[in-house]
Amino acid sequence: MAEIHYMTQEGLDKLKKDLADALAQRPVISAAIAEAREKGDLSENAEYDAARDAQGLLEVKIAKLKDLVANAKVIDESKIGTDKVQIMNKVKVENLAAKQVMEFTIVGETEAGFAHGKL
């Protein structure tokens, strides 16, 4: 059974853009492989090996992004309560030693970014 990935609409849109960008790289890498193949002996062709490695990494990235998009569940912020801490809630955390208050939004793991105030 596939794992559900909870996220905001903004997060899903970003994943779809990343997927489209990755898919757009396929022809570029295929062209690099074809160009390296034309240079002769593949057993000693570093450009060919590098292009094939890049293709493998790209395909792994595409597969992961497709899985994330296919199993995404967008959270409707209007239906989220604030009586307890849950996804899409904004929370304030106070550092008692530094006397500093920080605000974070609780999000799914694919959107988390401490620097952006998302946990």
Side-chain angles (χ1 to χ4, degrees):
M1 188 167 145
E3 180 181 348
I4 295 174
H5 304 283
Y6 296 97
M7 61 187 64
T8 62
Q9 184 62 51
E10 175 186 348
L12 180 59
D13 292 343
K14 183 182 180 312
L15 282 178
K16 287 180 178 180
K17 182 189 178 308
D18 291 347
L19 177 58
D21 291 347
L23 290 170
Q25 288 298 309
R26 275 181 169 164
V28 174
I29 291 179
S30 292
I33 290 171
E35 182 179 322
R37 195 178 286 143
E38 291 174 1
K39 293 185 178 178
D41 185 10
L42 298 181
S43 65
E44 295 180 12
N45 190 331
E47 286 181 45
Y48 178 78
D49 290 339
R52 292 288 299 181
D53 289 345
Q55 181 184 39
L57 292 173
L58 180 66
E59 291 305 320
V60 168
K61 180 179 180 178
I62 288 170
K64 182 178 179 183
L65 288 169
K66 282 184 175 181
D67 176 64
L68 288 171
V69 169
N71 296 303
K73 179 170 169 86
V74 176
I75 302 299
D76 182 357
E77 294 182 57
S78 67
K79 295 182 180 176
I80 300 295
T82 57
D83 56 328
K84 58 186 172 185
V85 175
Q86 57 186 337
I87 197 162
M88 298 306 302
N89 284 156
K90 290 188 188 298
V91 295
K92 290 184 180 182
V93 179
E94 182 177 0
N95 181 332
L96 297 175
K99 297 189 183 341
Q100 182 181 16
V101 176
M102 296 176 285
E103 184 174 280
F104 297 99
T105 302
I106 307 298
V107 296
E109 68 178 291
T110 58
E111 295 181 78
F114 189 78
H116 301 290
K118 295 182 177 184
L119 297 177

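Atoms considered below: every heavy atom in the structure, side chains included; atoms not considered: hydrogens, waters and symmetry mates.
- Side-chain contact between I106 and V91 is present, with at least one heavy-atom pair separated by less than 4.5 Å.
- In this structure, the separation between OH on Y6 and CG on L12 is 14.5 Å, given to the nearest 0.5 Å.
- Rounding to the nearest 0.5 angstrom, the gap separating the CG atom in N95 from the CE atom in M102 is 5.5 Å.
- The backbone N or O of A63 lies less than 3.5 Å from no partner atom in the side chain of D67, so there is not a single donor-acceptor pair.
- Between L119 and A112, the shortest heavy-atom contact is C-CB, 4.3 Å.
- There is a path of hydrophobic side-chain contacts, each under 4.5 Å, that joins V74 to V69.
- Connection of L57 to I29 is not established within any shared hydrophobic cluster, with ILVMFWY side chains joined at heavy-atom distances below 4.5 Å, either directly or through further cluster members.
- With sequence neighbours excluded, no residue satisfies side-chain hydrogen bond (donor to acceptor under 3.5 Å, both in side chains) with T110.
- V28 is not connected to I33 by any chain of hydrophobic side-chain contacts under 4.5 Å among Ile, Leu, Val, Met, Phe, Trp and Tyr, and they are in different clusters.
- Counting heavy atoms from C-beta outward, L65 and L15 have side chains that approach closer than 4.5 Å.
- K66 meets the side-chain contact (heavy atoms from CB on, under 4.5 Å) test with L19, I62; sequence neighbours excluded.
- Sorted by first and then second residue, the salt bridge (Lys or Arg N to Asp or Glu O under 4.0 Å) pairs with a member in residues 20-34 read K17-D21, R26-E59; sequence neighbours excluded.
- Within the structure, salt bridge (Lys or Arg N to Asp or Glu O under 4.0 Å) pairs that include any residue of residues 105-119 comprise E10-K118 (at least two apart or interchain).
- Listed by first and then second residue, the ring pair (Phe, Tyr, Trp, His ring centres under 6.0 Å) pairs that reach into residues 68-106 are F104-F114, sequence neighbours excluded.
- Summarising the geometry, atom CD belonging to Q25 is positioned 7.0 Å from atom CG belonging to L58; distances are rounded to the nearest 0.5 Å.
- Between N71 atom CG and M7 atom CE the span is 9.5 Å, to the nearest 0.5 Å.
- Not counting sequence neighbours, V60 has no partner by the side-chain contact (heavy atoms from CB on, under 4.5 Å) test.
- For the atom pair CG (L68) and NZ (K14), the distance works out to 11.0 Å, reported to the nearest 0.5 Å.
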